[in-house]
Amino acid sequence: MIVVTGANGPLGRLVIDHLLTRMPAGELAVSVRDPALATRLSDQGVRVRHGDFDRPDTLRDAFAGATTVLINATNYGTASETRARQHAATIDAAVTAGADRIVFTSWQDLDRCPLDFVRDFAAAEKLVATSGTGWTILRTTYGMSASLARDVRSSMDTGTLTAPAGDARATPAADTDLGEATANVLIEAGHDGRTYELTGPDAISWHDLASLAGTLAGREIRYRPTSDEECRAQWTAAGWPPAVIDMLIAYYGAFRSGWAGTPSPDLADLLRRPAISSLDAVRQTPLP
């Protein structure tokens with residue numbers, strides 16, 4: 001039996017939908033904080049169980065009988081100290097439940113990532129790899145297309161795409177591709193001991209994002225690189241919380257350092273077809 005955590009979240013729903021096309025619903029269970037929100041799954045015959053990363057006692061029952069557990073670790077808005085505790089408890093619960101394999105979704109391009117607020121993912125990956133079970137790590141770009149779509153949307157309002165991204169490039173993957181690839185790893189053999197970098201197939205620049213914005217808006221939109229200081233002043237004047245501003249400045253700085261700018265073939269290999277282009281991944285993301 002496969003148990004999927006976070007099945008009420010966007011990525012979890014995509015994974016479940018793909019799994020249901022390839023396996024009986026009765027062989028699938030989900031671990032969710034609020035089972036009442038998963039009635040669409042229980043109505044299809046999926047076993048819905050209460051599991052809360054902050055309450056390890058609930059995870060023992062949520063993972064009971066699992067052969068494979070997907071630890072859907074995409075709660076990027078959580079403080080790293082809290083997330084580290086949650087992930088450690090969840091990995092331990094999967095091992096205690098007797099799962100043969102853990103599949104863990106991690107942070108993209110982690111070996112080159114300079115962001116302090118995601119350092120806990122490296123420790124979680126080590127816990128997975130030394131857990132004594134079979135394991136697969138999926139470093140996904142989940143959330144990247146949405147962050148870039150925000151830049152596209154704001155430029156459609158102002159007529160200019162401004163961001164402290166310099167000449168950086170990014171490799172967002174389509175969320176639908178990430179869901180399908182994750183489902184493939186869960187249901188197929190041959191992925192034990194592997195770490196996959198699930199990027200889009202090509203690297204795009206903020207000039208490309210500006211061109212996309214222009215296409216969507218029906219007028220020319222250009223990219224104007226800005227400094228960290230200019231953006232900080234602009235966002236402060238708009239009333240954004242200092243912690244959010246610090247995180248965004250660091251995020252763009254990571255892109256400028258070369259993080260997440262190199263495409264990997266892993267996603268297409270897992271899909272066994274070409275992955276959706278990085279620019280189309282942004283185009284398909286609902287604009288905020």
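These values consider heavy atoms only, across backbone and side chains, with no hydrogens, waters or symmetry-generated copies. For clarity, every value in this text was computed on a predicted model and none was experimentally measured.
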**Study point:** L138-I276 co-clustered via ILVMFWY side chain contacts under 4.5 Å
**Key:** no
Study note, to complete from the structure: When R112, E197, R169 are each screened for side chain to side chain donor-acceptor pair (under 3.5 Å) with T262, the one that passes is R112
Check your understanding: Does R222 offer a backbone N or O that forms a donor-acceptor pair with the side chain of T160 under 3.5 Å?
Key -> no
Check your understanding: Would you say the side chain of I16 lies within less than 4.5 Å of the side chain of L41, judging by non-hydrogen atoms?
Key -> yes
Exercise for review: Identify whether W240 and Y252 are in the same connected component of the hydrophobic contact network (ILVMFWY, side-chain heavy atoms under 4.5 Å).
Suggested key: yes
Exercise for review: Measure the spacing between OG1 of T133 and CZ of R101 and express it to the nearest 0.5 Å.
Suggested key: 9.5 Å
Exercise for review: Using atom types as modelled and distance alone, determine if a side-chain donor or acceptor of Y142 lies under 3.5 Å from a backbone N or O of Q108.
Suggested key: no
Review point. Can you check whether L115 reaches W107 side chain to side chain, under 4.5 Å on heavy atoms?
Key: yes
Review point. Looking only at heavy atoms, which two atoms of A260 and T171 are closest? And how far apart?
Key: O-OG1, 3.0 Å
Review point. Does some side-chain heavy atom of L70 sit less than 4.5 Å from a side-chain heavy atom of I2?
Key: no
Exercise for review: Drop me the distance from L271's CG to E180's CD, to the nearest 0.5 angstrom.
Suggested key: 5.0 Å
Review point. Is there side-chain contact between L270 and H191, with heavy atoms separated by less than 4.5 Å?
Key: yes
Practice item. Verify the neighbour count for atom CG of D167: are there more than 12 heavy atoms of other residues, nucleotides or ligands below 6.0 Å? Key: no
Review point. Does some side-chain heavy atom of P201 sit less than 4.5 Å from a side-chain heavy atom of S278?
Key: yes
Check your understanding: How close do A38 and V32 get, heavy atom to heavy atom, and via which atoms?
Key -> CB-CG2, 4.4 Å
**Study point:** CG-CG distance between D52 and D57, expressed to the nearest 0.5 angstrom
**Key:** 8.5 Å
Study note, to complete from the structure: Separation between CD (Q234) and CD1 (I245), nearest 0.5 Å, reads 10.0 Å
Revision key, fill the gap. Heavy-atom nearest pair, M156 first then I221, reads CA-CD1, 3.9 Å
Check your understanding: For residues S211 and D208, is any side-chain donor paired with an opposing acceptor at under 3.5 Å?
Key -> no
Point to revise | Nearest-0.5 Å distance that lies between atom OG in S155 and atom CG in L161 | key: 4.0 Å
Practice item. Assess whether side-chain contact (heavy atoms from CB on, under 4.5 Å) is satisfied between T136 and I102, documenting all intermediate values. Key: CA-CA 6 Å; T136 308; I102 295 172; over 6 Å; no
**Study point:** Parallel, tilted or perpendicular: rings of F121 and F104 (30°, 60°)
**Key:** tilted
Exercise for review: Test L20 against V46 for side-chain contact (heavy atoms from CB on, under 4.5 Å), laying out the working first.
Suggested key: CA-CA 9 Å; L20 286 173; V46 175; 3.8 Å; yes
**Study point:** Cluster overlap V4 with L14, hydrophobic side-chain contacts below 4.5 Å
**Key:** no
Exercise for review: Dump the intermediate steps for side-chain contact (heavy atoms from CB on, under 4.5 Å) on T162 and E230, then the final yes or no.
Suggested key: CA-CA 10 Å; T162 59; E230 180 180 348; 5.8 Å; no
Practice item. State plainly whether the residues R273 and D177 are in salt-bridge range, i.e. N to O under 4.0 Å. Key: yes
Review point. Can you check whether F63 reaches S31 side chain to side chain, under 4.5 Å on heavy atoms?
Key: yes
Review point. Going by an N to O cut-off under 4.0 Å, is there a salt bridge joining D157 and R153?
Key: yes
Exercise for review: Show your working on side-chain contact (heavy atoms from CB on, under 4.5 Å) between N184 and H18 and close with a plain yes or no.
Suggested key: CA-CA 8 Å; N184 288 349; H18 282 292; over 6 Å; no
Review point. What closest approach, in Å, do L148 and I204 show between heavy atoms, and which atom pair accounts for it?
Key: CD1-CD1, 4.4 Å
For a quick test of your reading: what N or O donor-acceptor pairs under 3.5 Å do the side chains of residues 89-100 make, sequence neighbours left out?
from: T90; atom 1: OG1; to: Q86; atom 2: O; distance (Å): 2.7
from: T96; atom 1: OG1; to: D92; atom 2: O; distance (Å): 2.9

Point to revise | Neighbour count >12 (heavy atoms, 6.0 Å) for atom CZ, R33 | key: no
Review point. Can you say whether the rings of Y251 and F255 are parallel (under 30°), tilted (30 to 60°) or perpendicular (over 60°)?
Key: perpendicular
Review point. When rounded to the nearest 0.5 angstrom, what is the spacing between OG1 in T82 and NE2 in H87?
Key: 10.5 Å
Review point. For atom CZ of R22, is the number of surrounding heavy atoms from other residues, nucleotides or ligands below 6.0 Å larger than 12?
Key: yes
Exercise for review: Please confirm whether the backbone N or O of P242 pairs with a side-chain atom of R232, one donor and one acceptor, at under 3.5 Å?
Suggested key: no
Exercise for review: May I ask you to decide if A73's main-chain N or O and T105's side chain share a donor-acceptor pair within less than 3.5 Å?
Suggested key: yes
Check your understanding: Is there a side-chain contact between D111 and R139, using heavy atoms and a 4.5 Å cut-off?
Key -> yes
Review point. Would you call R283 and D280 a salt bridge, taking side-chain N to carboxylate O under 4.0 Å as the test?
Key: yes
Point to revise | Heavy-atom pair with the smallest gap, counting every atom of R49 and V3 | key: NH1-CG2, 4.2 Å
**Study point:** same_hphob_cluster(W235, M247) at 4.5 Å side-chain heavy-atom cutoff
**Key:** yes
Revision key, fill the gap. On a heavy-atom basis, the closest approach of A275 and L267 is CB-CD2, 3.8 Å
Point to revise | N-O pairing of R13 and D175 below 4.0 Å | key: no
Review point. Is there side-chain contact between T130 and W135, with heavy atoms separated by less than 4.5 Å?
Key: no
Check your understanding: For L198, does its backbone N or O pair with a side-chain atom of T141 as donor and acceptor, under 3.5 Å?
Key -> yes
Exercise for review: Examine distances only and state if a side-chain atom of S257 and a backbone atom of A254 form a donor-acceptor pair shorter than 3.5 Å.
Suggested key: yes
